[in-house]
Amino acid sequence: MNNDKTLHSEINKVITLLKAKKSIIAFTGAGISTESGIPDFRGPQGVWKKYRPIELSEVLQDPESRALYWQRKIDMYPQMKNAVPNKGHLALFELYKKNFLQYVITQNIDGLHQRAGMPDDRVIELHGSNTYIACLDCRKRYEWEDILPLFEKQSTSPKCDECGGWLKPATISFGQAILEYETNEAERIASAADAIIVIGSSLQVYPAAGIPVTTKMNGGSVVIINMEPTGQDEIADCLLHGPAGDILQAIAEGVDERAILKKKREF
Ligand code: APR
Ligand code: ZN
């Protein structure tokens with residue numbers, strides 16, 4: 001962790017860097033939501049320290065794994081449902097309003113960037129969303145409130161009333177195909193960005209973790225904000241090891257609103 005003095009000087013370096021950039025994006029991981037009470041996956045209290053991930057193939061083929069998968073999702077649902085955006089999410093929205101941020105590419109499934117005010121079309125959810133349920137076959141959408149009561153009545157997992165397919169929260173599980181459109185869109189935007197602020201990710205899960213490298217390889221600057229060292233600290237132009245909320249708030253407060261700039265490279 002940087003000490004306060006170095007953190008403060010790195011925050012000033014980030015502010016100076018952002019003022020010289022025109023197409024700035026953010027890339028977020030679970031670490032931006034821990035201050036909203038949602039655990040991350042690989043930090044000291046991470047979910048994967050307690051549970052092992054359940055692959056999609058297990059959910060489809062093994063009734064026990066399917067029941068365990070749903071039990072975990074139901075246990076964690078209140079925490080997600082009651083979570084509110086923290087100062088890190090709000091600071092990113094502040095940067096967007098001040099024209100110092102154009103897109104948020106997120107690995108998170110909690111919908112907190114949108115609830116902090118980011119427009120839907122400015123948030124790319126690479127790993128889907130836990131805020132609703134979808135049919136694995138026809139993608140028909142269902143709401144949690146309509147599905148939860150089914151578990152009180154029956155023990156087996158719910159099926160789609162349209163096509164009979166299995167239902168699951170609209171997230172991308174291990175072993176599930178990535179979201180093509182979102183992944184391509186994120187790559188396109190990352191290659192056009194001249195700066196990317198990477199927040200709260202261990203940068204270990206690909207293809208998502210390749211996004212900051214895409215910006216770097218296309219001549220953009222990389223800012224990494226994380227409690228712990230990440231797999232890509234060596235590509236950072238600014239590296240801040242500390243709490244995302246405070247750091248992002250200081251950055252957002254350090255810039256004044258600017259006119260929308262004619263961008264060198266359109267997104
Ligand atoms: N401020 C800054 N960093 C934080 C904070 C915080 N308040 N809280 C946690 N962190 C850091 C942790 O130290 C950790 O390095 O955030 C990082 C989160 O890393 P992961 O738990 O690996 O989460 P993430 O990178 O988003 O995981 C990627 O893996 O399991 C899959 O699909 C899941 O989207 C997830 C993907
Ligand atoms: Zn269906």
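The structure displayed is predicted, hence computed values, not measured ones.
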### Task
Apply side chain to side chain donor-acceptor pair (under 3.5 Å) to Ser33 and His89, showing your working.
CA-CA 8 Å; Ser33 295; His89 299 103; 3.3 Å; yes
Could you check whether any side-chain heavy atom of [X] comes within less than 4.5 Å of a side-chain heavy atom of [Y], counting everything from C-beta outward?
X      : Y      : result
Pro158 : Trp166 : no
Leu60  : Leu136 : yes
Asn108 : Thr28  : yes
Asp237 : Lys216 : yes

Does the side chain of [X] come under 3.5 Å of the side chain of [Y] through a donor N or O and an acceptor N or O?
X      : Y      : answer
Gln176 : Lys168 : yes
Thr230 : Asp233 : yes
Asn130 : Thr171 : no
Glu55  : Ser173 : no
Asp161 : Tyr142 : yes

### Query
Angle class for the Trp70/Trp144 ring planes (parallel below 30°, perpendicular above 60°, tilted otherwise)?
perpendicular
### Message
Let's go through Leu112 and Ser36 carefully: what are the C-alpha distance in whole Å and the side-chain angles of both, what is the deciding distance for side chain to side chain contact (heavy atoms under 4.5 Å, CB included) to 0.1 Å, and is it a yes or a no?
### Response
CA-CA 9 Å; Leu112 288 180; Ser36 295; 3.8 Å; yes
Contacts under 3.5 angstrom, residues 202-214 side chains, donor-acceptor by atom type, not counting sequence neighbours:
from	atom 1	to	atom 2	distance (Å)
Tyr206	OH	Gln232	NE2	3.3
Thr214	OG1	Glu187	OE1	2.8
Thr214	OG1	Gly210	O	3.2

### Query
In this structure, are over 12 heavy atoms from other groups packed under 6.0 Å from Lys98 atom NZ?
yes
### Glu234, CD atom: more than 12 neighbouring heavy atoms under 6.0 Å
yes
### Contacts of type salt bridge (charged side-chain N to carboxylate O under 4.0 Å, His left out), residue Lys49, not counting sequence neighbours
none
### Task
Identify the heavy atoms of Ala91 and Gln249 that sit nearest to each other, and give their distance.
CB-N, 3.7 Å
